[in-house]
Amino acid sequence: MLEVIVQNPRDAYLAEKYHASRMEVVSAISEGGLTPSYGTIKEIVRASKLPAMMMIRPHSFSFIYDEAARTVMERDIELAKEIGVQGIVYGGITEEGNIDQALLERVIGWKGDLDLTFHRALEATKDIEASYQVLRTYGKDINQLLTSGGTNSALDSLPRLKRWIQDSEENPDSFQILVGSGVKPENIATFQAALNHTDYHVGSAAREANDFSKDILKENMDTLKQYINQA
């Protein structure tokens, strides 16, 4: 499964044309990705038949959310259900640097039948292994864990990612590991030699000159899919 970040209907059209498996819909990618507007997500779903995962992140200051932000997130999840996306992408931590379990449980309640990806807020926790174990207890409610394994580039966390992937494969109630950050056409062979994995997430690496203002490229997508499909 190759998930590609999209920000507008053209991105969505090209992601489908070049055989992405799924799209993560965000706005403000320069801020790390925020919740897209109603109009944006509505038009993206209209432009592409690919399953869409909608980012739920009301600000870029941190992954800590006060009650006002939580209310906004609840309303955005209601919109996600109305529009008909496949799922949402969310992550939240406490001021102490732990997984915010209380908020996670509220999000699980709000999302209903939507899929849930817990995103790289995991990398912002004070103890990534302990946080992983906390998330693991929600395996029936979290569908994917998007992670680099704790480093800026997932390429630097291959041993941990391999261990987590094996753990998820051996546990039928676990979430899937979605490897992201630093995955590129030029290094996907290295990832696959180490992980032999099926699920990857890419953003700028799918595009011309690794630039989010440029189009998704067929050759980049072809290379990524070629290696992923061999797993």
Side-chain angles (χ1 to χ4, degrees), residues 1-63 85-91 117 119-124 144 146-158 161 178-192 195 197 199-229:
M1 192 271 289
L2 178 60
E3 179 179 84
V4 179
I5 294 173
V6 306
Q7 300 183 93
N8 53 57
R10 178 166 176 78
D11 284 351
Y13 165 76
L14 291 175
E16 181 176 359
K17 181 179 180 181
Y18 299 142
H19 307 295
S21 310
R22 195 173 72 183
M23 52 188 175
E24 180 190 77
V25 184
V26 309
S27 66
I29 195 63
S30 61
E31 297 294 312
L34 300 179
T35 306
S37 72
Y38 176 86
T40 297
I41 187 68
K42 186 80 171 179
E43 288 307 304
I44 283 174
V45 169
R46 192 193 306 270
S48 174
K49 296 181 177 64
L50 286 179
M53 299 293 290
M54 177 177 164
M55 176 65 74
I56 303 294
R57 188 181 177 212
H59 64 67
S60 62
F61 314 131
S62 69
F63 299 114
V85 299
Q86 175 173 316
I88 58 171
V89 183
Y90 154 83
T117 296
H119 64 51
R120 293 186 63 238
L122 172 67
E123 270 70 39
Q144 299 90 28
L146 172 59
T147 180
S148 66
T151 50
N152 288 334
S153 171
L155 201 61
D156 298 321
S157 295
L158 293 178
L161 289 168
L178 183 58
V179 176
S181 189
V183 179
K184 304 175 182 179
E186 55 265 35
N187 65 23
I188 187 64
T190 302
F191 276 102
Q192 288 300 76
L195 303 178
H197 193 41
D199 299 333
Y200 287 92
H201 166 97
V202 298
S204 62
R207 299 165 187 274
E208 179 183 350
N210 295 308
D211 185 342
F212 270 105
S213 70
K214 306 292 186 183
D215 276 344
I216 295 170
L217 293 180
K218 180 180 186 299
E219 51 264 41
N220 290 23
M221 295 291 289
D222 284 349
T223 299
L224 291 162
K225 292 285 286 187
Q226 175 190 344
Y227 282 94
I228 293 169
N229 288 342

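For the single chain, residues carry numbers from 1 onward in sequence order.
Scanning for salt bridge (Lys or Arg N to Asp or Glu O under 4.0 Å) contacts around E123 gives R120, with sequence neighbours left out. With sequence neighbours left out, the ring pair (Phe, Tyr, Trp, His ring centres under 6.0 Å) criterion links H119 to F63. Remark: E24 pairs with no residue by the side-chain hydrogen bond (donor to acceptor under 3.5 Å, both in side chains) rule, at least two apart or across chains.
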> Checking side chain to side chain contact (heavy atoms under 4.5 Å, CB included) for the pair K184/S204: CA distance, chi angles, key distance, verdict?
Replying inline: CA-CA 9 Å; K184 304 175 182 179; S204 62; over 6 Å; no
>> Pair V4, M221 - check side chain to side chain contact (heavy atoms under 4.5 Å, CB included), show working.
In response: CA-CA 9 Å; V4 179; M221 295 291 289; 3.7 Å; yes
> Stepwise, does the side chain to side chain contact (heavy atoms under 4.5 Å, CB included) test hold for L155 with T190?
Replying inline: CA-CA 8 Å; L155 201 61; T190 302; 3.9 Å; yes
> After noting the C-alpha distance and the side-chain angles of L178 and R22, does the key distance pass the side chain to side chain contact (heavy atoms under 4.5 Å, CB included) rule?
Replying inline: CA-CA 12 Å; L178 183 58; R22 195 173 72 183; 3.7 Å; yes
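Interatomic distance, CG of N187 versus OH of Y227, reported as 11.0 Å (0.5 Å rounding). To the nearest 0.5 Å, the span separating CG on D156 from CG on L161 amounts to 10.0 Å. H201 NE2 to M23 CE: the interatomic distance, rounded to the nearest 0.5 Å, is 14.0 Å.
Counting only heavy atoms from C-beta outward, the side chains of L195 and Y200 approach each other to under 4.5 Å. Two residues are said to be in side-chain contact when any heavy atoms from C-beta on lie closer than 4.5 Å; M55 and L34 fail this criterion. At least one side-chain heavy atom of V202 sits less than 4.5 Å from a side-chain heavy atom of L224. A 4.5 Å side-chain heavy-atom check between E3 and Q144 finds every atom pair outside the cut-off.
Among pairs with a residue in residues 17-60, those fulfilling ring pair (Phe, Tyr, Trp, His ring centres under 6.0 Å) read H59-F61, H59-Y65, at least two apart in sequence or across chains. Under the salt bridge (Lys or Arg N to Asp or Glu O under 4.0 Å) criterion, the residue pairs touching residues 5-21 are R10-D215, D11-R207, with sequence neighbours excluded. Legend: salt bridge (Lys or Arg N to Asp or Glu O under 4.0 Å) pairs involving residues 30-54, not counting sequence neighbours, sorted by first then second residue: E43-R46.
Within the 3.5 Å criterion, the main-chain N or O of I44 finds no donor-acceptor partner in the side chain of S48. A side-chain donor-acceptor contact under 3.5 Å links S181 to the backbone of N152. The closest donor-acceptor contact from the side chain of S21 to the backbone of L2 lies under 3.5 Å.
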